Structures are given as structure tokens and as C-alpha cells.
2 protein chains.
Amino acid sequence: MSTRGRQAEAARNDLALLRAAHEVFTTQGFDAPVSAIAKEAGVGMGSLYRRYRTKEELLQRLCLIAMERSLESAEAGLAHADPWEGLALFVRAGVADRSGALAPVAGTIEVTDEMWRVARRAGEVAARLVARAHEAGVLRNDVTRLDIALLIEQFSRPAPGPPAPEHDQVKQRLLAVALDGLRAPGATGLPGEPPSPEWYERRWGQAP
Amino acid sequence: MSTRGRQAEAARNDLALLRAAHEVFTTQGFDAPVSAIAKEAGVGMGSLYRRYRTKEELLQRLCLIAMERSLESAEAGLAHADPWEGLALFVRAGVADRSGALAPVAGTIEVTDEMWRVARRAGEVAARLVARAHEAGVLRNDVTRLDIALLIEQFSRPAPGPPAPEHDQVKQRLLAVALDGLRAPGATGLPGEPPSPEWYERRWGQAP
DNA sequence: ATATTGCGGAGCGCAGCGCTCCGTTAAGCT
DNA sequence: AGCTTAACGGAGCGCTGCGCTCCGCAATAT
């Protein structure tokens, strides 16, 4: 073994598992078999279940991490001087690490307090990012922050069939098209009502 | 019974089954249980399996119908005088009846000769529709007809969780954004290479 | 040498699927 | 009216594939 001892291997396994779980769940859907994650991580089932007592626990940990990454992306976007580029950065980052792919899990696992807290903070920062773009006049003013969130979700949905590099390429192209469509002022008004924050939050269960 | 006799009921059941199968498969994914279709159609399992000897046979029939509808939409778009509105019509129709939701079935069922024929014709008409929009200068010239096809596919992917009307509303809004992004000339060039027709066709298996 | 820790993976019990089979119902026929 | 028969609904069979447990073994620590 590379560094030293059993504890080092355990630590490496832990990371490999998280990486593998993210990869498998976001590309194959959250109902992929646990054994697929163990195989992807190059680890036995025993090692997996020693760290996470159940599949749900693994999913919770994964969601929390995804939320934290999303929060970081939003902050990075806000740190960017250009309001438009900051927003675009946030969206592209969300699609790149497929944050939205974990949304289907809504309602199937229990949401911990910590998850609620991080989600709320991420939502607030994202809202500021969107508001700044609105004020700078670089984002069409009929889209809301929930439209943005659901755009990311839409684009991080797992692709069907066997994984192919072409799929990712096309996704990048379509995302670029969508981003162009987001820039002010928008050729045509958006149809229907904007989605309500209550509905959006209720998908995850009752608030704490 | 409304019209008359057992044969009338049989005919109505046939239609109800096709409607139900389309509804269930496109919203829940093609691996939804057959029993869900029977229930949605208000019909027993026996009646379903008397018409389609297997789930695959039902899927083939469904795909063929979806392809025919797509072909009709493309022709309707071409019949429209305005090149842009014709194309937009085609895209919106495709998303509305979720043609692309059946794409994940690629590779899991055998593709009949008739399906190949209809798919080819639909592709040709769609190509003409796109070419006309390009020539009229109303469609950014770095998108290909495959980008359009995959845009439709992306937007007709089933939504996660329980069906909610809000999801459809948001999809309409995001589609409007994407359509705005498609109009010439496009603020930024599209990244990467356009997808190759060979890859696109190969997803369905080997050509006849 | 011995004890201890973490490892991989075979296999258990079960949920949920595709599909079959059969008792029941009601239209068509004489 | 009675009989035949076509079409019906749905319980249940066999099986696949899942989450999870358990145990023999290899690598370290003493």
C-alpha cells in the first residue's frame, strides 16, 4: 500500500466510496444497486456497510456534500466581478457536478437538520447572485431564482443508456444555448406563472 | 356500454391501452410495471396481454406511433409559412407529447423495419425544417439538426418524484428560454464538436 | 506467536416484476 | 329462453435482482 497501514487504506476507501457513489448515483439514478458503488470504488460490500449503516445514510451524506459544493459555487460566482459571468459560472458548475441529479431523491430519504441549514444558505446566496444579475440588467427579468435552480436540475438529469462522451458534449452545447437564452431582454415573454418557493421546498418533505 | 357490444368495448380498450401506455412510459420511464398501464387504462392484465403478447411488442407499437406523430409535426412545421415559427412548432410539439422520452428504450428492444423507415423519413423532414430556418437566417448557424433532436429529447425526459403540474409549467418556461437561445446569431459560439449522425443512429442498434 | 483490525464477496430473505391461467360476465345465435 | 362463446378482470407463479449480513482471510500491531 502506498502511504502506510490499514488506517491509511481505510481513509482512502472512504474517499473512493464517496467519489464512486457520486458517480454512480448521478449517472445511473439513485436506485442503482449499492453493489455497483462498491465495485466502482474497488471495495468490498463489507467495507461500504461498515462506514454507512444503510443506503439511506450514504445518500444523506452525499446530498449534504452536494449542497455544500453548490453553496461554494454560488459564493464563487458572487466573488466574480462580472455579474453575468458569476451567474454563468454558478450554473455551469452545478451542471458539471450534476447537483440536480440528486433532486429525485426528494421524498425518499429523511432530510437532516444539517441538510436544511446548508440548503437554506445555498438558496440565499444563489438568490443574491440572481438579484445582482437582474440589477445589472444582464439577466432577463422574467426568470426567477427557482427557474435557474430547475434549469440546473434539468441539465444534470442522468442520460439514458450506456454512458457516452457524446452525451456530455451535446449537453454542453445545449447548456450554452440555454445560457444565451437567459441573457436580457429575451425575445419573447415566458409563459405561465413562475414556480412557487413553497412547492419547491415541499418536495423535500415538511420543513423543520 | 356506450356504443354497442363486446367488439366496441374491445376497440375502446385498445385505444385506452395505447393512451395509458404512452402516459405511463413517458412519465415514469419505460421500466414502469405493465400492471401500472393496465390500471391506468382501467383494464385487466388479460385484456392487455391478449393484444400485445409481450411488453416489448407494446413498446415497439408505441415507439412507432411516436415516430409517426413526430413525422406529422415536422410536416406541419414545414407547412407553416414562417421558417422560425415552423421550427418552433415542431420543437414544442415534440416536447408536448414527449417524443424524446422513448429514446432511452434504445438498445433494449428490437427495432422493426417499419420503425427504421418512419424514423428515416422523420429525420429527413426535420432536416429540411432546420435547413430552411438556417437559410432564412432565423436559427443560429452553429446548431445542427441533431442538436435540435437532442434538445427535444432532453426536455421530454420524465420528471422525478410524484407528478406535479408545476413541473410542466417550469418546463414550458425553460423551453421558451432555450428557444430564445436558438435564434440567430447567438451571443457566444457553441463549445465542442457537433454530435455525429453515426453515433445518433447507432444508439438504436445496427442499421438494417 | 498471538491478538486485533479491517478486508472482500458469497449468499439470505424479500420485494416486485413479466406473464399465465381461470372463474365470471355478457353479447350473439337459434 | 337457453346455449355457446368471446372477451373480461385479477390472483398468483416463477424468477430476477435488490439491500444487507456474515464469515474466512490477510495485513498490521504487540
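Computed from a predicted model, the values in this text were never measured in an experiment. The figures here come from the full heavy-atom set of this structure, side chains too, leaving out hydrogens, waters and symmetry mates.
- The phosphate of C:dC7 has neither OP1 nor OP2 within less than 4.0 Å of any side-chain N or O from A:Arg12.
- Computed from coordinates, the A:Asp31 CG to C:dA15 P distance equals 18 Å when rounded to whole Å.
- Spacing between atom CZ of A:Arg51 and atom C1' of C:dG6 amounts to 8 Å, rounded to whole angstrom units.
- Counting to the nearest Å, the C1' atom of C:dC14 and the NZ atom of A:Lys55 are 15 Å from each other.
- For the OP1/OP2 pair of C:dG18 and a distance below 4.0 Å, the side-chain nitrogens and oxygens of B:Thr54 include no atom meeting the criterion.
- Taking atom CZ of B:Phe30 as the reference point, atom C1' of C:dG18 lies 15 Å away to the nearest angstrom.
- Residue contacts for A:Ala32: at a heavy-atom cut-off of 4.0 Å it reaches the sugar-phosphate backbone alone, with no base atom in range.
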Nucleotide N/O to protein N/O under 3.5 Å, stretch nucleotides 10-14 of chain D:
unit_1	atom_1	unit_2	atom_2	d
D:dG10	N7	B:Met45	N	3.0
D:dG10	O6	B:Gly46	N	2.8

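- Going from atom CG of B:Leu17 over to atom C1' of D:dG9 covers 13 Å, rounded to whole Å.
- Cation-pi geometry between B:Arg203 and B:Trp199 is met: the NZ or CZ atom falls under 6.0 Å from the ring centre, inside 45° of the normal.
- Using modelled atom types, one finds no donor on one side chain facing an acceptor on the other under 3.5 Å when comparing B:Arg98 with B:Ser156.
- Rounded to an integer number of Å, the gap from NZ of A:Lys39 to C1' of D:dC18 is 14 Å.
- Across the protein-nucleic acid pair, A:Leu48 atom CG and D:dC18 atom P stand 15 Å apart, rounded to whole Å.
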Under 3.5 Å, sequence neighbours excluded: what are the donor-acceptor pairs made by side chains of residues 59-68 of chain B?
unit_1	atom_1	unit_2	atom_2	d
B:Gln60	NE2	B:Glu110	O	2.7

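- Side-chain atoms of A:Tyr49 lie closest to D:dT21 of the nucleotides D:dC18, C:dC17, D:dT21.
- Not one side-chain nitrogen or oxygen of B:Asn13 sits closer than 4.0 Å to the OP1 or OP2 atom of D:dA7.
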request  = Give the intermediate values and the outcome of salt bridge (charged side-chain N to carboxylate O under 4.0 Å, His left out) for residues B:Glu166 and B:Lys171.
outcome  = CA-CA 9 Å; B:Glu166 280 93 343; B:Lys171 203 145 69 172; over 6 Å; no

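- Shown are A:Val177, A:Leu151, A:Leu190; of these, the side chain to side chain contact (heavy atoms under 4.5 Å, CB included) with B:Val177 is made only by A:Leu190.
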inquiry  = B:Val143 vs B:His134, test: side chain to side chain contact (heavy atoms under 4.5 Å, CB included). Steps then yes/no.
reply    = CA-CA 9 Å; B:Val143 306; B:His134 272 148; 4.2 Å; yes

task = Before giving the answer on side chain to side chain contact (heavy atoms under 4.5 Å, CB included), spell out for B:Tyr49 and B:Val34 the whole-Å C-alpha distance, their side-chain angles and the decisive distance to 0.1 Å.
result = CA-CA 10 Å; B:Tyr49 273 94; B:Val34 176; 3.7 Å; yes

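- Contact annotation for A:Ala41: no contact, since no heavy-atom pair falls under 4.0 Å across all strands.
- With rounding to whole Å, B:Leu58 atom CG is found 10 Å from C:dC19 atom P.
- Not one side-chain nitrogen or oxygen of A:Arg50 sits closer than 4.0 Å to the OP1 or OP2 atom of D:dC20.
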